[in-house]
Amino acid sequence: MKILVTVKEVATVEDEFEIDGTEIADQYLGADLNEWDDYAVEEAVQLQEAGVADEVVTVTIGPEDCEQTIRQALAKGADRAVRVWDDSLEGVDLLDVNAKTEILSAVVEEEDPDLVLTGVQAGDDSFGATGVALAEEIGYQWGAVVNHLEHEFDGDTASVRRELEGGVEELTDIELPAALTIQTGINEPRYASLRGIRQAQRKELDVKSLADLGVDESAVDSDLELTDMYEPESESDVTVWEGSADETAAELGELLRDKGVAQ
Amino acid sequence: MSDVLAVTDHRRGDLRDVSYEIITAGRQLADDTGGDLHLAVISGPVDNFAEKLNREGVDAIHTVSHGEEFNHDVYTQTITQLYDELAPQYILTPNSVNGLDYAPAVANELDLPVVTDTIDLSANGETLTATREMYGGKVETTNELEGDAVVTIRGAEWPTAEGTGDAAVEAFDADIDEDAIGSTVNGFEEVGGGDVDISEADVLVSVGRGIEEEDNLELIHDLADALDATVSSSRPIVDNGWLPKNRQVGQSGKVVTPDVYIAIGISGAVQHVAGMKGSDTIVAINTDPNAPIMDIADYAIHDDLFDVVPALTDQFQ
Ligand SMILES: Cc1cc2nc3c(=O)[nH]c(=O)nc-3n(C[C@H](O)[C@H](O)[C@H](O)COP(=O)(O)OP(=O)(O)OC[C@H]3O[C@@H](n4cnc5c(N)ncnc54)[C@H](O)[C@@H]3O)c2cc1C
């Protein structure tokens with residue numbers, strides 16, 4: 001079985017930041033492997049270790065800078081990586097779901113995997129829609145918010161659990177080929193070992209343009225236009241205790257005693 | 001004049017709250033577009049559901065009787081057929097786990113843009129303006145799109161619709177292609193029984209990713225012991241296996257309503273807040289003065305938990 005995992009480098013934001021137009025100013029941003037994708041990579045690698053998968057390939061839409069993040073996934077055990085980038089993607093504020101779907105589906109068609117794993121959502125734009133839209137586009141079956149995948153496959157069927165709200169899980173069988181959006185907690189993502197990090201440097205990282213994939217440049221024209229970004233107006237009337245840790249802890253202690261806690 | 005088609009959510013024979021909220025959101029949008037609000041009620045005891053959903057502001061309810069529970073293929077096929085029949089401008093769905101299991105597919109099938117997890121919506125002519133959050137709630141954004149769209153709404157952002165309506169209830173004759181159904185739901189399971197029921201606790205000492213390492217949890221247990229309180233947590237602590245699932249507060253965990261909720265190193269992501277906003281008094285200990293938890297906290301300490309928590313514990317020992 002071949003598994004394709006979508007890997008996104010997401011922007012992380014410092015505690016204090018400033019907004020510049022419709023973006024957070026660069027100096028307040030960091031970059032990291034999307035938390036949900038980390039679990040998706042781990043699940044794929046575990047399937048490979050269990051002898052279920054023969055090959056694990058990652059796919060990323062992103063500029064050269066994000067190769068460090070892709071190498072993280074390779075260091076954890078993915079076999080090779082595809083990175084899609086194009087000048088036409090430079091300076092796009094927000095790549096919407098349709099654009100991602102069109103680009104990723106071209107990669108799926110080339111790679112022809114049996115299973116596509118994506119994160120439930122990306123920690124930055126949090127659309128939570130790409131995996132399911134992609135499945136529909138390529139004619140795969142799908143399951144959203146999967147927090148357990150049986151490693152024994154019954155023929156062409158994946159048995160999963162979908163995590164619903166309120167501590168309820170749905171037990172579902174999904175025919176392959178399929179795309180699953182992976183929820184955190186499905187496994188314990190490993191840290192990349194030193195050996196893994198060294199090996200990752202030698203793994204194939206293929207860069208493709210939209211033209212290489214036969215995708216028209218118009219695919220990146222998002223339907224959705226980001227028109228404003230601002231810090232949410234706080235409606236809170238929070239009482240903030242100031243002072244040293246001892247002083248603030250004393251204030252909190254007093255409140256707790258007032259409330260009848262631990263008397 | 002353009003219509004809005006809103007899809008309702010249910011599970012195990014009960015409508016979920018968001019089904020009444022989406023009536024309010026849908027009505028507002030339909031007022032903006034000058035059109036009608038249609039509801040889709042798919043699977044389960046649809047006639048019973050339709051009766052309950054027939055509230056003020058609903059113009060028509062389309063029921064599709066097909067199986068007891070949610071199946072994304074049935075939803076996707078039905079909604080695309082309803083779109084073809086009714087030609088609404090907007091399809092609204094809950095941003096629930098099930099909503100996310102069909103809304104993107106419907107959008108893709110119909111070649112429409114999809115905008116998820118919206119917290120505010122308005123329409124003006126062909127233009128939809130949607131408000132949503134990014135970076136885990138650190139910023140809010142407005143987004144515009146032209147023409148028809150699929151939009152998912154966040155739960156608990158719109159009030160539930162009240163009053164009785166006089167909507168026309170009609171069975172919609174959806175043509176379901178059974179061969180195209182590629183997934184089967186075999187059942188449901190409740191998770192996280194276990195040692196304690198955090199939803200019964202009067203005082204919760206709740207810990208999040210700010211605690212950094214499993215060994216540091218001792219600080220939290222010490223505080224809980226000193227206060228005679230119960231320990232709960234945000235999701236990452238449970239994902240890491242540091243506490244059992246029955247301690248998780250939030251959308252996919254437990255809803256808690258203690259007298260006092262002390263959120264330690266928890267940012268206050270929407271899925272966490274969904275589980276604890278009903279607490280009487282909320283105290284946040286967090287180094288980030290702008291963390292979303294501050295919006296719902298009654299009291300806050302903007303400082304390092306590794307300094308504050310031991311100092312607090314000391315007072316009660
Ligand atoms: C479908 C779905 C369902 C989900 N269900 C749930 C759910 O039920 N419950 C839930 O909790 N989450 C849930 N989540 C995850 C949620 O989106 C957040 O990722 C999670 O709540 C974040 O947990 P956190 O606040 O502990 O961590 P973070 O967001 O990483 O926040 C850590 C906080 O600690 C602070 N901090 C760091 N160091 C210190 C220090 N030394 N002293 C004081 N403060 C410090 C930081 O400033 C930050 O605010 C769900 C997500 C999805 C997509």
For [X], is it the side chain, the backbone, both, or neither that has a heavy atom closer than 4.5 Å to a heavy atom of chain A?
X	answer
Phe316(B)	side chain
Leu112(B)	backbone
Ala284(B)	neither
Thr131(B)	side chain
Lys138(B)	both
Val260(B)	side chain
Val255(B)	neither
Thr129(B)	neither
Val185(B)	both
Asp307(B)	both
Gln248(B)	neither
Asp314(B)	neither
Ser96(B)	both
Ala105(B)	both

Will you find, in the side chains of [X] and [Y], an N or O donor that is under 3.5 Å from an N or O acceptor?
X	Y	answer
Asn186(B)	Asp173(A)	yes
Arg235(B)	Thr184(A)	yes
Thr22(A)	Asp93(A)	yes

Considering only heavy atoms and a distance below 4.5 Å, find which of [options] pairs most often with chain B.
options	value
Glu247(A), Arg162(A), Glu188(A)	Arg162(A)
Ala11(A), Gly167(A), Ser159(A)	Gly167(A)
Val240(A), Ile24(A), Ile174(A)	Val240(A)
Glu231(A), Glu163(A), Glu16(A)	Glu163(A)
Ala144(A), Ala129(A), Ala249(A)	Ala249(A)
Glu35(A), Gln121(A), Glu14(A)	Glu35(A)

Open item on the list: Which residues in residues 134-141 of chain A have any heavy atom closer than 4.5 Å to a heavy atom of chain B?
Closed with: Glu136(A), Glu137(A), Gln141(A)
- [ ] Just say parallel, tilted or perpendicular for the rings of His272(B) and Tyr261(B), cut-offs at 30° and 60°.
- [x]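 Correct class here is tilted.
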TODO: Anything under 30° is parallel, anything over 60° is perpendicular, the rest tilted; go ahead and classify Phe70(B) against Tyr102(B).
DONE: tilted
Task: Largest heavy-atom contact set with chain A, pairs under 4.5 Å, which of Ala311(B), Gly187(B), Pro310(B) - done: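 The candidate making the most pairs under 4.5 Å is Gly187(B).
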Task: Largest heavy-atom contact set with chain A, pairs under 4.5 Å, which of Thr116(B), Asn95(B), Leu145(B) - done: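 With the most close heavy-atom pairs to chain A, the winner is Thr116(B).
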Task: Ring-face cation of Arg132(B) near Phe127(A) (centre distance under 6.0 Å, axis angle within 45°) - done: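 Yes, Arg132(B) sits over the ring of Phe127(A).
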- [ ] Pick one of side chain, backbone, both or neither for Leu255(A), based on which atoms fall under 4.5 Å of a heavy atom in chain B.
- [x]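 Looking at Leu255(A), just its side chain touches chain B.
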Open item on the list: So for Thr101(A), is it side chain, backbone, both, or neither that comes closer than 4.5 Å to the heavy atoms of chain B?
Closed with: side chain
Open item on the list: Using the side chain to side chain contact (heavy atoms under 4.5 Å, CB included) criterion, which residues pair with Asp259(B)? Sequence neighbours excluded.
Closed with: Asp202(B), Asp280(B)
